[in-house]
Each structure stands twice: as C-alpha cells, then as structure tokens.
Amino acid sequence: ADRSIPQSKQKYVPTSGSYPKGFLAGSSHAGVKASNTKYDDIALVVSEKPYAASAVFTRNLFKAAPVTVSKKFLDARKSDGFRAVVVNSGNANAVTGKVGLENAESMSRTTDELLGHSASEDARSLVMSTGVIGQRLPIDKIISAIPKAHAALGSTHDHWLQTAQAICTTDTFPKLVSRSFSLPSHPETTYSVAGFTKGAGMIHPNMA
Amino acid sequence: TLLGIVCTDVAIEPASLHEILTKSVGTSFNSISIDGDTSTNDTVALLANGAATPSGVKPLSVAQQSEDLAAFQTVLTELTQELAQLVVRDGEGATKFVTIKVQSDTDYMTAKRAAVSIATSAILKCALYGKDANWGRILCAIGYTAGIMDSPETPAIATSQTPVIPNQTSVSFVPADGSAELKLLIRGEPEQVDEVRAKEVLEFEDLEILVKLNDTGDASKKSKYESVFWTCDFSHEYVTINGDYRT
C-alpha cells in the first residue's frame with residue numbers, strides 16, 4: 001500500500017523536535033509482511049547508558065508473546081538497567097505459542113548482543129510487536145534486520161520520525177511528540193521528553 | 001493495537017516509574033477508543049536515562065513527593081494525552097475527533113462509565129459520521145450503563161450509590177469554534193434543536209459532547225467529578241479497511 005501521508009493529516013506530523021539526551025532511534029526494513037517491499041518495519045530505540053523502564057500492558061487475557069516476555073524482563077531487572085526497545089510491525093506475534101515466546105526473546109537477545117551485553121545476563125531490551133494475529137514471526141528476516149536498525153541509529157528529528165513511522169501498520173501518519181521543559185528545583189537545566197505511538201484500529205486500551 | 005514508547009532524560013527511581021506512568025496513562029491512552037476492541041499487544045513503555053540530570057540531583061521518587069515530581073507528571077500527562085489524541089485522529093476511516101466530557105456529583109467512575117459507553121456506541125458513532133445531532137443515541141448509551149450499574153448480576157461494578165437520574169441529565173454539543181454550546185437536552189427535557197445550527201456544529205472535524213449527570217439548573221455549581229474520553233466516528237471506510245485486512 002502507498003503510505004503517503006494524506007493532506008489533511010500532514011499538520012499532525014512535526015517538522016522538528018526536542019529529543020532527550022542519550023537516546024538514539026533507528027529503523028530498518030525486514031519485510032515482515034510479504035506485501036511490504038519498501039517500508040521500514042523494524043524500530044529500535046537505544047540509550048547510551050542504562051535506563052530505568054516501566055510499561056503498562058494490555059489486560060486482554062490472550063496476551064501476545066512480546067507482552068509476556070517484556071513483562072518478565074521488567075520483573076527480572078526490577079525496572080532498572082535497560083538499554084533498548086526493539087519493535088517489529090506487520091506481525092503481532094500473538095497467539096503463537098511457545099515459538100512466539102522464543103521469537104520475542106530472540107529479538108531481545110539479538111539487540112542486547114549488538115549493545116555488547118552477554119546472552120547470559122537478564123535481558124536489557126524490551127520487545128514489542130504489532131500487526132496480524134495468529135501467524136508466526138518471520139524471525140530470520142527480523143533477526144537479520146535488527147543490526148541494520150542498529151547501524152541506522154541517530155539522534156536527529158529525522159531519525160525519530162522514521163522510527164515512529166516504522167512501527168505503523170494501518171496508520172496514515174507517524175505520531176511523534178516531543179517537548180523540552182525545566183523542573184522547579186533547578187530551572188537552569190533543560191530536560192526533554194519524546195514519545196511516539198501507533199494505532200488506528202483495534203483501539204480501546206485497558207492497560208495496567 | 002496501540003504501541004507507545006516515551007523517553008526522557010530526567011532521572012527517575014526505577015521503583016517509581018510504574019506509578020508515574022500509570023497515573024498518566026489513566027487519563028490518556030486508557031481514555032481513548034476507536035472501535036471498542038482491546039488488543040492482545042497494547043503496550044506503552046516509559047524510559048528514563050537521567051542523561052540531563054546534573055550530578056548531585058536526586059532522581060525523582062514517588063516516595064518523596066516534590067514540586068519537581070508534580071511538574072514532571074504534568075509534562076508527561078500532557079505529552080501522553082497528545083499522543084493518545086493523535087491515535088484517535090488517525091482512527092481507521094474516522095472523519096471526526098470527538099471529546100466526550102461527562103460530569104457527575106456521584107463519583108469519577110460513574111462519569112467514566114457513561115463516557116466509555118457513549119464512546120463505544122456504534123450507533124451513535126454512525127450518527128456522528130452522518131452529521132446527525134442524535135442525542136437520543138447518547139442518552140441510550142448512558143442509560144444502559146446505569147442499568148448495568150444497578151444489576152445484581154454484576155455486583156463487581158455496582159459501586160455507585162446513585163444511578164444516573166434521567167431528569168437530572170443534560171446533553172450539549174460544544175462547537176469547535178468556541179461559539180455557544182448547542183443544548184440538546186436539559187434535565188431530561190428535549191430542547192427544540194435548530195437543525196441548521198446542529199449541522200453547522202457537526203461540520204467541524206472536532207466536536208465536544210458535554211453530559212451533565214447531576215444538572216440542578218444552578219449554572220454556578222460545578223460538578224465534583226469529570227471524565228474526559230476521546231473517540232471518533234464510524235465510516236464506511238472502517239468496514240472497508242477491516243474487511244480487507246488479511247493474515
């Protein structure tokens with residue numbers, strides 16, 4: 001499908017941003033869906049130093065493998081010492097049994113190794129997936145594309161925007177928001193927060 | 001599916017992150033609906049690496065409530081709300097962005113249940129697509145929420161002491177251009193709606209539906225609780241997209 005952004009939605013896509021120090025974003029093309037021959041579908045966010053992490057997850061009883069695996073990782077590390085989040089779009093890795101769990105862990109392990117962390121450590125990369133339900137991930141394609149996303153990491157607005165685009169499925173535009181701010185006790189320091197999200201259908205989140 | 005990744009260079013204690021994130025998600029990502037379907041994969045992660053925090057400054061902690069923590073919480077909530085609203089604006093086939101505000105004196109959950117019920121009413125969402133000021137469908141959605149709350153079969157959610165009272169319920173459309181609200185129902189009594197004006201209001205992409213569950217007629221009295229929820233309309237395009245989406 002053509003993913004050009006409709007005229008009416010272009011006003012929602014930022015042309016610049018203020019991004020948090022020490023974070024890098026990158027994306028690559030794996031071709032998770034066979035019909036996707038040109039758009040990036042692997043997204044990677046990395047921190048140069050370990051970060052604290054938390055997440056809220058769907059309360060749907062049929063939790064997808066990356067939900068189960070990421071929750072396990074957060075519990076194991078008590079929300080500390082993480083380095084990355086790796087995401088694939090095009091396939092949700094949901095209702096895929098034990099192989100699905102192994103594939104989600106494999107995405108995390110591959111990312112950890114690229115960042116110089118041993119597979120014997122508790123995982124330092126969270127995993128997310130989105131797309132069709134009930135199909136196994138084409139894991140070889142994904143594992144091959146993660147190093148390309150790593151090689152594409154950067155901190156510019158374009159890096160963030162392209163990474164936001166890589167997690168999209170039926171979305172018509174990437175959703176990226178950032179801002180800088182200060183805190184009352186040391187107003188001379190400038191902080192930043194940036195977020196990107198995807199979603200256009202199957203949307204009624206109830207996360208905890 | 002909703003996925004979200006939020007990164008900040010503020011230092012935050014790992015043990016505090018979940019509470020901070022949960023607080024913001026409650027009034028942002030958990031307050032939107034496009035089609036009423038909760039995905040198997042919804043995930044929003046918050047990452048804090050402390051890279052901008054000067055040395056000697058302690059990480060934010062919920063155990064030590066501070067102005068800094070409150071300020072960060074506000075920034076995070078505003079950002080997550082903006083992201084959540086963008087998701088609704090991109091709803092499959094959506095032509096309208098609808099803010100639903102429900103005010104109640106009973107409790108927050110009464111207001112939220114009514115807001116969710118309105119936001120997930122397929123028949124109302126079709127009316128909005130058709131630019132029809134169909135307050136009857138809004139009332140219908142509120143009404144069966146009240147019914148469920150009163151049901152002995154569902155005691156787990158029967159927390160509200162006072163159900164929705166039809167003759168205290170008012171419904172208005174608030175136009176996106178800041179002009180006067182279009183009152184559709186006042187304390188259970190239908191207004192004589194100017195259909196031309198109603199059509200004008202519904203021509204805007206953005207629409208606010210304001211529901212007062214305990215309207216006493218005293219304009220100076222503010223409701224104790226307000227739930228804000230965001231949704232969109234249903235169009236032919238939604239069916240086309242989801243009829244075509246294949247594994």
Side-chain angles (χ1 to χ4, degrees), chain A residues 12 20-23 45 47 49 51-58 60 62-64 66-67 70 78-80 82 85 87 92 94 126 128-130 132-135 167 170-173 175 177 179 181 183-186 189 191-207, chain B residues 1-10 12-15 17-18 21-22 25 29-30 32-54 57 66-68 71-72 75-76 79-80 82-84 86-87 89-92 120 238 241-242 245-247:
Chain A
Y12 301 121
K21 296 180 184 73
F23 281 103
V45 174
S47 174
K49 65 176 197 173
Y51 61 76
S54 185
V56 287
F57 300 103
T58 182
N60 191 312
F62 290 96
K63 290 174 177 52
V67 169
S70 290
K78 294 184 169 54
S79 287
D80 201 10
F82 285 89
V85 181
V87 189
L126 299 174
M128 299 182 192
S129 298
T130 179
V132 295
I133 295 174
Q135 279 199 339
I167 68 170
T170 58
D171 308 59
T172 66
F173 65 93
K175 298 154 190 73
V177 176
R179 56 192 61 182
F181 59 96
L183 295 175
S185 71
H186 40 288
T189 304
Y191 296 100
S192 294
V193 59
F196 60 92
T197 186
K198 64 82 51 182
M202 198 181 272
I203 297 288
H204 187 107
N206 181 8
M207 299 178 288
Chain B
T1 291
L2 175 94
L3 296 183
I5 298 170
V6 179
C7 308
T8 183
D9 47 22
V10 174
I12 304 173
E13 276 193 354
L17 264 187
H18 195 70
L21 176 62
T22 302
V25 165
F29 295 114
N30 275 0
I32 62 171
S33 183
I34 288 174
D35 47 22
D37 282 302
T38 299
S39 168
T40 52
N41 289 59
D42 292 338
T43 304
V44 173
L46 173 62
L47 326 174
N49 69 1
T53 298
V57 174
S66 64
E67 282 188 347
D68 285 356
F72 178 74
V75 169
L76 180 66
L79 182 121
T80 53
E82 194 175 333
L83 286 168
L86 288 174
V87 171
R89 288 192 183 280
D90 202 17
E92 287 167 348
T120 52
Y238 179 85
I241 291 168
N242 285 287
Y245 200 69
R246 286 285 182 279
T247 59

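Note that the structure is predicted; figures quoted are calculated from it, not measured. Order of the sequence lines sets the chain letters (A, B, ...), proteins ahead of strands, with each chain counted from 1.
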Counting heavy-atom pairs under 4.5 Å with chain B, which one of [options] comes out on top?
{"options": "A:S47, A:G195, A:S54, A:S70", "answer": "A:S54"}
{"options": "A:N206, A:V67, A:V177", "answer": "A:V177"}
{"options": "A:S185, A:A94, A:P66, A:G22", "answer": "A:S185"}

Shortest non-hydrogen separation from [X] to [Y] and the atoms involved:
{"X": "A:L126", "Y": "B:A45", "answer": "CD1-CB, 4.4 Å"}
{"X": "A:P184", "Y": "B:D68", "answer": "CD-OD1, 2.9 Å"}
{"X": "B:A48", "Y": "A:F23", "answer": "N-CZ, 4.5 Å"}
{"X": "B:L3", "Y": "A:V87", "answer": "CD1-CG1, 3.7 Å"}
{"X": "A:T170", "Y": "B:I241", "answer": "CG2-CG2, 4.3 Å"}
{"X": "B:D42", "Y": "A:P205", "answer": "OD2-CA, 3.6 Å"}

Do you know which of [options] has the most heavy-atom pairs with chain A at a distance under 4.5 angstrom?
{"options": "B:V10, B:L76, B:L79", "answer": "B:L79"}
{"options": "B:A51, B:S39, B:S66", "answer": "B:S39"}
{"options": "B:N41, B:D9, B:L21, B:L86", "answer": "B:D9"}
{"options": "B:L17, B:I32, B:L83", "answer": "B:L83"}
{"options": "B:V6, B:D90, B:V57", "answer": "B:D90"}
{"options": "B:G36, B:G91, B:A15, B:A84", "answer": "B:G36"}

So what's closer than 4.5 Å to chain B heavy atoms on [X]: side chain, backbone, both or neither?
{"X": "A:V56", "answer": "both"}
{"X": "A:F181", "answer": "side chain"}
{"X": "A:S192", "answer": "both"}
{"X": "A:V45", "answer": "side chain"}
{"X": "A:K198", "answer": "both"}

Point-to-point distance, once rounded to the nearest 0.5 Å, from CZ of B:R89 to CG of A:D171: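 So the gap between those two atoms works out to 15.0 Å.
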
Approximate separation, where rounding is to 0.5 Å, of A:Y51 OH and B:T8 OG1: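 So the gap between those two atoms works out to 13.5 Å.
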
Criterion side-chain contact (heavy atoms from CB on, under 4.5 Å) against B:T1, the qualifying member of A:T58, A:I133, A:T130: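 For B:T1, the side-chain contact (heavy atoms from CB on, under 4.5 Å) test succeeds with only one of A:T58, A:I133, A:T130, which is A:T130.
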
side-chain contact (heavy atoms from CB on, under 4.5 Å) between A:M207 and B:N30, worked out: CA-CA 7 Å; A:M207 299 178 288; B:N30 275 0; 3.8 Å; yes

Test side-chain contact (heavy atoms from CB on, under 4.5 Å) applied to B:T38 and A:H204, step by step: CA-CA 5 Å; B:T38 299; A:H204 187 107; 3.9 Å; yes

Side-chain contact test, heavy atoms from C-beta onward, threshold under 4.5 Å: evaluate it for [X] versus [Y] and give yes or no.
{"X": "A:T197", "Y": "B:V44", "value": "no"}
{"X": "B:L47", "Y": "A:F82", "value": "no"}
{"X": "B:H18", "Y": "A:S79", "value": "no"}

Proximity breakdown for [X] and chain A, heavy-atom pairs closer than 4.5 Å:
{"X": "B:I5", "value": "both"}
{"X": "B:V25", "value": "side chain"}
{"X": "B:T53", "value": "both"}

Candidate pair A:N60 and B:T40, rule side-chain hydrogen bond (donor to acceptor under 3.5 Å, both in side chains), full reasoning: CA-CA 6 Å; A:N60 191 312; B:T40 52; 5.8 Å; no

